[in-house]
Amino acid sequence: MPSRNGSSGGSSTSPGVPADETCAHLGKKARNALAASLAEFPFRVARLGGFNEAMATRGGVALEGINPKTMASKIVPDLYCIGEVLDIDGDTGGYNLQAAFSTAALAARHIAGGNASR
């Protein structure tokens with residue numbers, strides 16, 4: 001784990017995962033070990049920043065690939081993309097939360113309506 005991600009200087013590999021191996025070459029056991037290691041990795045908040053440090057993620061799924069009325073992918077059937085997964089930016093102050101709630105509501109309505117396909 002890179003030090004910028006909070007590594008304490010210990011081992012940066014998961015048990016059962018060779019340090020010089022790429023994910024494409026990992027066997028099922030090693031992939032499962034890596035997934036478990038990432039899912040269980042503890043993150044500790046050292047402090048909270050103010051508005052000068054507040055940020056939202058940038059990048060994500062291109063909006064051109066999403067149906068804006070349903071949030072369904074135009075490329076992958078039955079895949080819905082919402083919130084921070086999308087390539088949208090907003091100022092701090094709740095705009096990203098509103099986008100997350102709104103896009104989730106669109107996707108949920110479409111899925112609940114039995115319209116899982118594009």
**Report entry** Over all atoms of both residues, closest heavy-atom pair of Ile66 and Lys74
**Finding:**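 Looking at all heavy atoms of both residues, the closest pair is O-CE, 3.4 Å.
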Query - Minimum-distance pair of heavy atoms, taken over all atoms of Glu21 and Leu26 - result: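 Nearest pair, atom of Glu21 first, then Leu26: CG-CD2, 3.4 Å.
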Measure the spacing between [atom1] of [X] and [atom2] of [Y] and express it to the nearest 0.5 Å.
X      : Y      : atom1 : atom2 : result
Ile111 : Leu106 : CD1   : CG    : 11.0 Å
Lys69  : His110 : NZ    : NE2   : 11.0 Å
Met71  : Leu79  : CE    : CG    : 10.5 Å

Atom pairs and distances, donor-acceptor, side-chain atoms in residues 97-104, under 3.5 Å, two or more places apart:
unit_1 : atom_1 : unit_2 : atom_2 : d
Gln98  : NE2    : Ser102 : OG     : 2.7
Ser102 : OG     : Gln98  : O      : 2.9
Thr103 : OG1    : Gly83  : N      : 2.9
Thr103 : OG1    : Ala99  : O      : 2.8
Thr103 : OG1    : Ala100 : O      : 3.3

